[in-house]
2 protein chains.
Amino acid sequence: MLCGLSFVVVVLATSAAASDSPNIVIMLMDDMGWGDLGSNGEPSRETPHLDQLAREGLTATSMYTAAPLCSPSRAALLTGRLPIRNGFYSNNTHGRNAYTPQNIVGGISASEVLLPELLKTRGYTSGLIGKWHLGHRTPYLPLERGFDYWFGSPNCHFGPYSDVTTPNIPVFRNASMIGRYYKDFAIDRATGVSNMTKMFTEEAVAFIQRQAREGPFFLLWAPDATHAPTYASLKFHGTSRRGRYGDAVRELDAGVGAIVNALRDANVDNNTLVVFTSDNGAALVSKEEGGSNGPFLCGKQTTFEGGMRAPGIFWWPGVIAPGSVTHQVWSQMDLFSTALQLAGITPPHDREMDGLPLAASLFHPDHEFFRPIFLYRGDRLMAVRQGSYKMHVWTWSTPTDELRRGINFCPGSEVANVTTPQPTDHSIAPVLFNVVLLEAMFAHRAKLRRGEPQLNWCDPAVMHWAPPGCEELGECLKVPASNPTLCNWPH
Amino acid sequence: MLCGLSFVVVVLATSAAASDSPNIVIMLMDDMGWGDLGSNGEPSRETPHLDQLAREGLTATSMYTAAPLCSPSRAALLTGRLPIRNGFYSNNTHGRNAYTPQNIVGGISASEVLLPELLKTRGYTSGLIGKWHLGHRTPYLPLERGFDYWFGSPNCHFGPYSDVTTPNIPVFRNASMIGRYYKDFAIDRATGVSNMTKMFTEEAVAFIQRQAREGPFFLLWAPDATHAPTYASLKFHGTSRRGRYGDAVRELDAGVGAIVNALRDANVDNNTLVVFTSDNGAALVSKEEGGSNGPFLCGKQTTFEGGMRAPGIFWWPGVIAPGSVTHQVWSQMDLFSTALQLAGITPPHDREMDGLPLAASLFHPDHEFFRPIFLYRGDRLMAVRQGSYKMHVWTWSTPTDELRRGINFCPGSEVANVTTPQPTDHSIAPVLFNVVLLEAMFAHRAKLRRGEPQLNWCDPAVMHWAPPGCEELGECLKVPASNPTLCNWPH
């Protein structure tokens, strides 16, 4: 078998310590970049708790979101299916990103099966703390789609609005609004101060404290402080080296620490899989209110690495080996399949699933693992990642008219033929990226010692005038004068 | 481990039937293409004996020569080292092919160690029947470099010459010429009739008959009938559907049958590894006197697949499983290392070797096997093949001035940005070829059922004017008239 399509058969190799129905906590950041974590190389020391989580758990370096922006990415995580399958896309125009602003008519389709709906069949209680973004109209809201508890808002915290042409975004507890952003839940746009992360953290801790004694739970912690307009509470305001964005990261990192402590205090840490990730790459378009994608090209809205490579930390004391790392190509849709696998639930088999169950890989992250990941922008398949390779059949960065308005998804990293401002079809000759072949070439070149070239010189005198044995045969010819010249090699 | 640089450790898993010092027969054709074999899909039924050999043995579909033309390719096979290392190149101008015409001054360097020299240390007798091409001057000739027997010529059978400005090419037996092409060893340029293949076959059979009782032998059978000017004996003349070229193939195929029969008759077939291959891709430039590269791009002189992918059949009754196939990336330099491995000889460790020992792969051809192959044109590294991928850092097809003269190494298969008539540096953005990602994409597309898009319609009436719970809070706003429109997605 060459490096190919074949999937390594993943057998559920449960560790002795892995329990039957573990709790599952997914910490899903908003627009946080791969490069925002100290454990991924960010130098500002904003994430001591996440760095500790990585030391105690598994870092997945190649974890992909299912879409380069919020709503379709989250819909895919909760359905285990690509947006192109679960309907979280638009084909009003081809290849354009769509999400769920508050004037959107649609939402997550009733024909889709969501993770909390399935977990409920095995006695799980599910809580969503934070942003929903899968549709804000009945019947799309979280408590109608399997969640038992919700504190947060259905959309981004854009605003403030005057409530005349646009209403402010409501904040819900369970099935009812309990106020609106800016009005009842303050975000100071002038200073960037808000208590929302503090509240989301307290809500998560309280959910764990309530549920730890009640049976298995699924917590989707989805704070949105790193989505512009970024914010932090006064305790963290002005404490980072990266301004408001870094302040937001610091408060979220502290939240991670508080949630992990709550798991420990409730004595369920050895029975809980914690996953830390983000819904898409950092929004470079947000400038100083956007994060870092580390070494990766471009950001949110694009299918380049910076748009869809997300942080990935998996933590489960006693089950996942501390300090382990995997470079396997993982998708956030795998979280759906893995949660079902751990809970002993059969995934839906009446539809095509994109997620794969990762339990064997979590416990044995050095497994070989070849599977293709399909990267869409809207309704258009842009790229395929597999093994160490990524192939773009379409490229598109920032639309030309938006570039003129100062919007740029790839600031400072334009690459000819790649970050094309128009959607560009490369189907005939796809653009391929790889690391391994270049590394092989560099290694070959580095240790190559060239032999002395033997084929530089030509001379008529060396021709077959008088080969050995010619005398006996009487076939010797007269050897002309030597006239060595550099050979002419035309090809 | 991702698909990467790592070499699968190849343990010599000798079959029970594999003996200690097997005989080794390498049948090395001249300019015969991958696509010339019936077993590789050629429809003219010219190769019944080769097709039978493939049925009884192993077909290697991805066997590469070490150079896109004769002399450097053969020098690499016999040294296990790339021409850039063993000196069989020229740097008079960069990236141009060089070989050993009869006015060449150089030859295989005394500092190189040749396969028959090493085999001699374990009692092997080595014979070369056919073309040498590693230098025709003392001390470069075969009997000075480890061969015990030689019948053939040091260069290509170009001619006839008048012996005035250019002497005719001599034919040697052992250390002395025994005549010249055209004069003493007839090749009728008008009819394409010659008995040379017949003689090379009889010589090979006689060598086997002599040596089978004497101990292990190495036979390099290197007839040149498929190198233009192509020829066949009267028995095969005009018998194929492909003219002179097909006639030559038919006679060589019969020669393969005769040699295999000789092994059987001498009762050494179970103790002999037979390899059938060619020194480079078919010479498309030779038009009707050139062969077929099957589906591959371009031909001899180029580093595209058609220039360096060669037929590969491995036959060893009782040891290699009949009808087996491998798609592993193999190099003809591996034949050097494999012969040493089978003979129990340690390869030279004072120099960089490019060949790998294949014994484990011969017996277990489904092993995973990742290794890079470096494809040079002259002194320039053009491409790297690994796994299912090939990366061109340089491209070059036929030089522009030669194209004007009717020379074309890629007739009918020009590909933009790939078959460039000027040497073209792609180091910044290498041209990558692959099969697997495209296959994955096609499979994904073929079975994709798109969900009904949920994000097409927007309507101000659905905004958060009056969310559930607003009445209790006194925060309900007036809902405007419905005005659904297609959402505008700018990104």
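Below, chain A is the first sequence line, B the second, and so on; all start at residue 1. Computed from a predicted model, the values in this text were never measured in an experiment.
- Looking at B:Val285 and A:His491, their side chains never come closer than 4.5 Å, going by heavy atoms from C-beta outward.
- For chain A, no part of B:Asn417 is nearby; none of its heavy atoms comes within less than 4.5 Å.
- Interface remark: B:Pro484 contributes no atoms to any contact with chain A (heavy atom separation under 4.5 Å).
- When heavy atoms are compared at a cutoff of 4.5 Å, A:Leu69 does not approach chain B at all.
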Run the side-chain contact (heavy atoms from CB on, under 4.5 Å) test on B:Trp489 and A:Asn97 for me, step by step, so that the C-alpha distance in whole Å, both residues' side-chain angles and the decisive distance to 0.1 Å come before the verdict.
CA-CA 6 Å; B:Trp489 301 114; A:Asn97 292 314; over 6 Å; no
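- Contact check for A:Ser109 versus B:Glu452: no side-chain heavy atoms found under the 4.5 Å cut-off.
- For A:Phe172, the part sitting under 4.5 Å from any heavy atom of chain B is the side chain, from C-beta outward, and nothing else.
- For chain B, the nearby parts of A:Pro467 are the backbone and the side chain; heavy atoms of each come within less than 4.5 Å.
- Of all the heavy atoms in B:Val164 and A:Trp465, the pair that sits closest is O-CH2, 3.3 Å.
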Under the side-chain contact (heavy atoms from CB on, under 4.5 Å) criterion, do B:Ile104 and A:Val462 qualify, and how do the steps go?
CA-CA 7 Å; B:Ile104 196 77; A:Val462 306; 5.8 Å; no
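- Residue contact with chain B, scored on non-hydrogen atoms closer than 4.5 Å, involves the side chain of A:Pro154 exclusively.
- Looking at heavy atoms from C-beta onward, B:Arg180 lies in side-chain contact with A:Leu477 at the 4.5 angstrom threshold.
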Worked check of side-chain contact (heavy atoms from CB on, under 4.5 Å) between A:Asp184 and B:Glu475
CA-CA 11 Å; A:Asp184 310 294; B:Glu475 289 203 18; 2.8 Å; yes
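- To the nearest 0.5 Å, the span separating NE2 on A:His464 from OG1 on B:Thr166 amounts to 11.0 Å.
- In this structure, A:Arg450 contributes its side chain and B:Ile84 its backbone to no donor-acceptor pair below 3.5 Å.
- When heavy atoms are compared at a cutoff of 4.5 Å, A:Tyr89 approaches chain B by way of both its backbone and its side chain.
- Of the atoms belonging to B:Ala98, heavy atoms from both backbone and side chain fall under 4.5 Å from chain A.
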